[in-house]
There are 2 protein chains.
Amino acid sequence: MREGLIAAGLELARAGGPDAVVLREATRIVGVVPNAAYRHFADRDELLAAVCEAAMARLGDRMAAEVARVPGERGDGDADAAFGRMAAVGMAYLEFAREEPGLFATAYALPDQHPYAVPVGVTGPDASPLGQLRAGLDELVEVGLLDAGRRAGIEFPVWSTVHGLAVLLGQGPLRGAPEQDRRMLTDRVLGFIGEGLLTAAAAPDA
Amino acid sequence: MREGLIAAGLELARAGGPDAVVLREATRIVGVVPNAAYRHFADRDELLAAVCEAAMARLGDRMAAEVARVPGERGDGDADAAFGRMAAVGMAYLEFAREEPGLFATAYALPDQHPYAVPVGVTGPDASPLGQLRAGLDELVEVGLLDAGRRAGIEFPVWSTVHGLAVLLGQGPLRGAPEQDRRMLTDRVLGFIGEGLLTAAAAPDA
DNA sequence: TCAGCTATGTGGACGCTGTCCACGTTGCTA
DNA sequence: TAGCAACGTGGACAGCGTCCACATAGCTGA
């Protein structure tokens, strides 16, 4: 039933973002009285936190699926494939934000009392969006597309840039932009990252 | 009284972000009955929209003030000053987000029904944050720090990057990071922008 | 001068929300 | 078999956004 409430909350979040995750409605979907939720969550924020985690996992899944579609395997030294996987990481992030704005917003709406677990210093890849970005960057170094000396910490500028675009386009001032403008903005931003990232004259065709 | 409600809403937003802008509380601060607000705003969202606009104006003011502190004047051809103003634009944005997280979040929390006015195609500078960024970039071109051919549309990658960092640090997964990490992240991100922006070997000391 | 209109604030109510308390019920355990 | 822990129920409360009917004040036009 705990899972049922989270699933219900996820549907609400999908349709209306984090504010739409209303405890009573979630219990109504599950077919139970509002107070029953308090056997599984201390309060609405704890339910929301669980839903946020689930939404973040969805984002991670989407990214992993998109990366898996790129031919070849990690570590085979194929520069084109490595570049392709890096591009897939960024594109999947932006596509998820575009196609599931409610879930994307919810993924980043963890209540203040529930801290995120983002080890800034640690660099190991994992299933989280940041972890997948790190894996992609590591591979870029392996195949020689990214200077090893510039690798440390570079995930944060890259993340910031893509995340900023996703937010500006999805919920921010750019949200009303027509499709044509959206595409242009996306191209420019991804191009900017590419320039800042890749060793000069090493970039495959974007 | 309309202004009074907006001012009250601004205080609430400062303390607790857009969700804290509750209509009844605002009227209580002004010393009036809840329904009185409906003489000036169609509903709570319209009040919130006005508060958001005001918060965005605060951000613009802060940026303008910070830019004005840089010695010299726009258009005098001083490359150091131009670079300093560009840096001031970015730093002011990040400082505002850090010092006034509630207002910063509110500035970007305009309700869905109230569209932002951001002309993507237009390039003229104005008092808005984006306008000030554009002015800074234009000046960079004037003094030769930025290739004229790379100017068009470059404001969006830059904006995205700075905005993304502000969001990740302020409300996102990085919000719990200790001061030392915050500074490192900020340096890296601003450095990344500098690399992507400035004509090679033209960058003054950051 | 006075009738009437418009703008603005008041009072009371409704349904919705999150949350608390006291109460049943079920099923396992000693 | 007695008791206990887990879980769902029912009823209540305050706070919220919002609607309706009402009062009042100030200006306008005859």
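Keep in mind that this is a model prediction, so the values were computed, not measured.
- Rounded to a whole Å, the CE atom of A:Met1 is 10 Å from the P atom of D:dC7.
- Put simply, CD on A:Glu46 is 14 Å from C1' on C:dG18, counting in whole angstrom units.
- At whole-Å resolution of the value, CG in B:Leu48 and P in D:dT18 are 11 Å apart.
- The side chain of A:Arg39 approaches C:dC23 more closely than any other nucleotide in the set C:dG18, D:dG10, C:dC23.
- Comment: A:Glu100 does not engage A:Arg58 in a salt bridge, judged by the lack of any side-chain N to carboxylate O separation of less than 4.0 angstrom.
- The shortest distance between the side-chain N/O atoms of B:Tyr38 and the OP1/OP2 oxygens of D:dT18 is below 4.0 Å.
- Here the two rings, on B:Phe156 and B:His163, have centers that are 6.0 Å apart or farther.
- Taking 4.0 angstrom as the limit, A:His40 places none of its side-chain polar atoms (N or O) nearer than this to OP1 or OP2 of D:dA6.
- Of the candidates D:dG8, C:dG9, D:dT18, the closest approach to any side-chain atom of B:Ala36 belongs to C:dG9.
- Using modelled atom types, one side-chain atom of B:Gln132 and one backbone atom of B:Gly60 make a donor-acceptor pair closer than 3.5 Å.
- Counting to the nearest Å, the P atom of C:dT17 and the CG atom of B:Leu23 are 19 Å from each other.
- With hydrogens and angles left out, the side chain of A:Asn35 and the base of D:dG11 share a donor-acceptor pair within 3.5 Å.
- More than 12 heavy-atom neighbours from other residues, nucleotides or ligands sit within 6.0 angstrom of CD on A:Glu46.
- Atoms CZ (A:Phe41) and P (D:dG8) sit 11 Å apart, rounded to a whole Å.
- In this structure, the CD atom of B:Glu25 is 11 Å from the P atom of D:dG15, given to the nearest Å.
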Check the pair B:Arg134, B:Asp126 against salt bridge (Lys or Arg N to Asp or Glu O under 4.0 Å), reporting the backbone distance first and the verdict last. CA-CA 8 Å; B:Arg134 282 171 165 153; B:Asp126 57 63; 5.3 Å; no
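- Following rounding to the nearest Å, A:Arg2 (CZ) and D:dC7 (P) show an atom-to-atom distance of 11 Å.
- Closest to the side chain of A:Val32, out of C:dT10, D:dT18, D:dG8, is D:dG8.
- At the phosphate of D:dC16, OP1 or OP2 sits under 4.0 Å from a side-chain N or O atom of B:Arg28.
- The nearest whole Å value for the distance from the CZ atom in A:Arg44 to the P atom in D:dC16 is 16 Å.
- In the interface, the side chain of B:Arg24 is not paired with the base of D:dG15 through any donor and acceptor atom under 3.5 Å apart.
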